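Okay, so here's the structure we're looking at.
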Amino acid sequence: MLKITNTLTGKKEPFRPVRNRNVGMYVCGVTVYDLCHLGHARSAVVFDVIRRYLDYKKYKVRYVKNFTDVDDKIIKRANQEGKPWLDVAETYIRAYREDMSRLGVQPADREPKATEYIPEMIRLIETLVKKETAYAIDGDVYYRVKRFKNYGKLSKRDADELAAGARVEVDERKENPLDFALWKASKPGEPTWDSPWGPGRPGWHIECSAMALKLLGRGLDIHGGGKDLIFPHHENEIAQSEGATGKPFARTWIHNGFVNVNQEKMSKSLGNFFTIREVFEKSPWPEAVTAEVLRYFLVSTQYRSPIDFSDDALKSAKAGLDNFYDLFLRLRENTLSVGRADKQARIALQNFKKRFEKAMDDDFNTAIAIAEFQKLRSTMNRMTQEGISKSTAKQIESTFQKLGKVLGLFQLDPESWRVKGVKLYLELSDELKLSDKIGMSEKAHVAKIDLSDEQVQTLIMEREEARRNKDWSRADTVRKKLAHAGIIIEDRPDGTTRIKR
RNA sequence: GGCGGCGUACCCAAGUGGCUAAGGGAGCAGUCUGCAAAACUGCGAUUCGGCGGUUCAAUCCCGCCCGCCGCCUCCA
């Protein structure tokens with residue numbers, strides 16, 4: 001039985017969708033005014049994994065993740081760049097899609113844009129106004145927080161105390177400092193739509209209420225996003241939606257923890273953020289490898305906890321994955337016609353599956369799920385030594401692939417993970433050279449040696465010849481030379497040589 | 001100030017009122033190997049920030065203290 005920690009109740013509770021096996025899931029997407037950073041990547045990967053696991057459990061998932069494409073920050077950006085605001089939004093929606101596809105994040109079933117749901121928003125606001133849960137002033141419409149008795153139930157805040165401690169400069173026209181904008185009269189040059197209150201544009205929170213209600217309605221089982229959205233965004237969504245419909249909005253609220261750098265939240269204001277593409281660009285590994293490394297890093301911590309990003313963390317993730325892919329290679333190479341360990345291996349696979357599901361059922365504990373993969377890897381390495389047949393080896397590999405898919409891991413061809421065939425040209429850097437940026441000590445000594453494919457081949461042949469002549473010192477010299485270019489040579493028992501980087 | 005969270009070995013990271021405190025990375029030693037790498041085997045927290053309390057028994061429950069972080073304003 002799947003259990004999920006629900007922010008609303010503060011408890012881990014059994015997951016029961018409204019309509020049996022159908023799951024409606026809404027996740028707050030990004031405001032498209034800039035490139036996505038690793039924080040966005042984490043949120044995306046977390047909910048991608050949740051979605052994949054629900055699929056795996058044979059739920060019928062309808063996953064909606066929106067784009068906020070009308071907003072103050074987009075307007076500001078457009079003004080800075082002297083571009084139409086729609087262009088800005090389009091640019092970053094495209095960038096988002098590129099980044100996510102690199103990360104192997106599956107698109108949601110619906111990716112609505114706020115601007116496509118203006119009529120729905122207006123209707124929602126009208127309902128609220130009719131119920132006197134909202135009021136209009138000079139073309140603006142505000143939500144009357146006092147009218148919603150449960151205000152604060154998600155973020156566990158007391159409305160009165162909030163009002164007392166309000167740090168925002170108070171708009172004198174508002175009845176209560178906590179009241180928030182549902183609709184804003186637009187200034188010249190700003191995006192604008194006709195409305196019963198005059199030309200204007202939506203406030204920040206209303207779009208998600210409108211889209212979630214429209215696309216998922218009462219089947220809203222899961223509503224998610226980063227922890228920073230709990231207040232005010234999700235709190236306000238609840239107020240708007242429940243204020244209008246009089247019915248509970250979402251059943252289970254899921255919030256993911258932040259990505260930190262040196263224990264501090266990665267954020268624009270601190271300037272300590274890394275964009276997703278920046279990490280890809282600076283990565284010493286091929287793109288597909290980097291993607292899995294990032295995912296491995298991101299899911300190696302339970303989704304609610306903070307996770308600290310660093311070069312070391314990525315290297316550690318890479319090393320962990322290398323060991324898996326080494327096993328996959330071994331599985332393809334070291335098989336027999338009849339395996340002594342076949343039976344044991346098959347039993348281990350069955351047990352593994354149960355443990356994996358147990359881990360994931362417990363609030364998507366991907367950290368434990370990975371630990372289970374690790375144990376299986378170790379077991380299978382031993383089985384391989386004892387001897388397994390080709391068909392069992394295939395079964396093992398496909399189990400890793402099939403269950404790994406839930407986390408988005410082990411999806412690459414083991415041959416291409418780090419053996420021949422990948423791009424040979426590489427810039428060799430121990431560190432990702434992120435150091436200066438995050439103020440860490442300078443320790444990146446970059447040796448840059450580019451070897452062409454041909455040069456590598458020549459060197460390897462040279463070493464083979466040396467080995468045949470038992471000229472060990474010459475063979476080792478070549479090995480060292482290649483090592484400088486990041487190429488590792490492994491001599492295998494059958495006399496062949498494996499090339500890794 | 002209010003609310004929430006965290007502090008587990010060199011690093012990352014699970015976890016439980018009592019059974020060996022998972023797993024990974026790094027390290028060390030052994031087997032293997034021309035050497036190396038990989039794999040395998042072994043080693044590595046008598047202890048879970050500190051101090052008290054509850055309990056037959058606490059890392060896990062309670063209280064206090066110390067340290068760190070987040071939200072309370074836009075933020076994944």
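Chain identifiers are assigned alphabetically (A, B, ...) following the order of the sequence lines, protein sequences preceding nucleic acid strands; residue numbering begins at 1 within each chain. For clarity, every value in this text was computed on a predicted model and none was experimentally measured. Both backbone and side-chain heavy atoms feed into the values below; hydrogens, waters and symmetry mates do not.
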### Query
Stem ranges for RNA chain B, with three or more consecutive Watson-Crick or G-U pairs under 3.5 Å?
B:1-7 with B:66-72, B:10-12 with B:23-25, B:27-31 with B:39-43, B:49-53 with B:61-65
### Parallel, tilted or perpendicular: rings of A:Y143 and A:F148 (30°, 60°)
perpendicular
Can you check nucleotides 20-24 of chain B for protein contacts, nitrogen or oxygen pairs under 3.5 Å, and list what you find?
| unit_1 | atom_1 | unit_2 | atom_2 | d |
| --- | --- | --- | --- | --- |
| B:rA22 | O2' | A:K375 | NZ | 3.2 |

### Task
Could you check which residues of residues 349-358 of chain A get a heavy atom under 4.0 Å from RNA chain B? Sort them by number, please.
none
### Task
With sequence neighbours excluded, tell me which residues meet ring pair (Phe, Tyr, Trp, His ring centres under 6.0 Å) with A:F328.
A:Y325, A:F400, A:F410
#### Entry: Stacked cation flag A:K65 on A:F47, 6.0 angstrom / 45 deg
no
### Message
Taking the ring of A:F309 and the ring of A:F297, is the distance between their centroids below 6.0 Å?
### Response
yes
#### Entry: Pairing residues for A:Q302 by the side-chain contact (heavy atoms from CB on, under 4.5 Å) criterion, not counting sequence neighbours
A:R304, A:S305, A:D363, A:N365
### Query
Is A:L229 touching bases, backbone alone, or none of the nucleic acid, heavy atoms closer than 4.0 Å?
sugar-phosphate
### Query
Looking across every strand, which nucleic acid part, if any, lies under 4.0 Å from A:H37 by heavy atom: base, sugar-phosphate, or nothing?
base
All N/O pairs under 3.5 Å across the protein-nucleotides 67-71 of chain B interface:
| unit_1 | atom_1 | unit_2 | atom_2 | d |
| --- | --- | --- | --- | --- |
| B:rC71 | OP1 | A:K265 | NZ | 2.7 |
| B:rC71 | O2' | A:R157 | NH2 | 3.1 |
| B:rC71 | O2 | A:R157 | NH2 | 2.8 |

### Query
Salt bridge check: are A:R77 and A:D34 linked by an N-O gap of less than 4.0 Å?
yes
### Query
According to the interplanar angle, ranging from 0 to 90°, do the rings of A:Y26 and A:H223 count as parallel (below 30°), tilted (30 to 60°) or perpendicular (above 60°)?
tilted
### Task
Classify every nucleotide of nucleotides 28-33 of chain B by which part a protein heavy atom approaches to under 4.0 Å, writing B for the base, S for the sugar-phosphate alone and - for neither, in 5'-to-3' order.
------
### Presence of salt bridge, A:K76 and A:D72, under 4.0 angstrom
no
### Query
Reckon A:N365 touches a base, only the sugar-phosphate, or nothing at all at heavy-atom distances under 4.0 Å?
sugar-phosphate
### Task
Residues of residues 381-388 of chain A with any non-hydrogen atom less than 4.0 angstrom from an atom of RNA chain B: list those, numerically ordered, please.
A:N381, A:R382, A:Q385
### Query
Looking at A:R332 and A:D413, does any basic side-chain N land under 4.0 Å from a carboxylate oxygen?
yes
### Task
Name all residues meeting the ring pair (Phe, Tyr, Trp, His ring centres under 6.0 Å) criterion together with A:H255; count only those two or more places apart in sequence or in a different chain, and write none if there are none.
A:H234
### Query
Which is it for A:D99 and A:R277 under the salt bridge (charged side-chain N to carboxylate O under 4.0 Å, His left out) test, yes or no, and what are the steps along the way?
CA-CA 7 Å; A:D99 291 346; A:R277 50 191 58 194; 3.0 Å; yes
### Message
Considering only residues two or more places apart or on different chains, which pairs with a residue in residues 374-384 of chain A satisfy salt bridge (Lys or Arg N to Asp or Glu O under 4.0 Å)?
### Response
A:E372-A:K375
## Note on the structure
Contacts of A:F280 meeting ring pair (Phe, Tyr, Trp, His ring centres under 6.0 Å) (sequence neighbours excluded), chain-then-number -> none
### Task
Classify the nucleic acid contact of A:V259 as base, sugar-phosphate or nothing, counting any heavy atom under 4.0 Å across all strands shown.
base
### Query
Listed by chain and number, what are the ring pair (Phe, Tyr, Trp, His ring centres under 6.0 Å) partners of A:Y296, not counting sequence neighbours?
none
### Task
Scan A:G10 against the nucleic acid and name what it touches under 4.0 Å (heavy atoms): base, sugar-phosphate only, or nothing.
nothing
